[in-house]
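Okay, structure first, notes after.
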Amino acid sequence: MRITTLTLALAASIGLAACEGSDLERGVIGAGVGAATASALGKDPVTGAAVGGAAGVVCDDVTPGVCANR
């Protein structure tokens, strides 16, 4: 149950992060979500922050047109 809750929270956060204005904002949100998720799963938060930050920076580039309000 805990994994399901964390997975849903991560998916919702990624969806919100994709609509932020700049790469920096998305990267910071992604890093925070990645660190929190990794910590909750008992993994290294620094690695989670690095992966989440990288995903946040590139998410707008790999999913163009997701957010209509630009």
Cluster membership besides V51, Ile/Leu/Val/Met/Phe/Trp/Tyr side chains within less than 4.5 angstrom, sorted by chain and number, is none
With sequence neighbours left out, the residues meeting side chain to side chain contact (heavy atoms under 4.5 Å, CB included) with A55 are none
Members sharing V28's hydrophobic cluster, built from side-chain contacts under 4.5 Å between Ile, Leu, Val, Met, Phe, Trp and Tyr, are L24
Heavy-atom closest pair (S39 atom, P45 atom, distance to 0.1 Å) is CB-CG, 4.3 Å
Exercise. Are the side chain of T37 and the backbone of V33 linked by a donor-acceptor contact shorter than 3.5 Å?
Worked result: yes
Of all heavy-atom pairs linking D23 and V57, the shortest is OD1-O, 3.4 Å
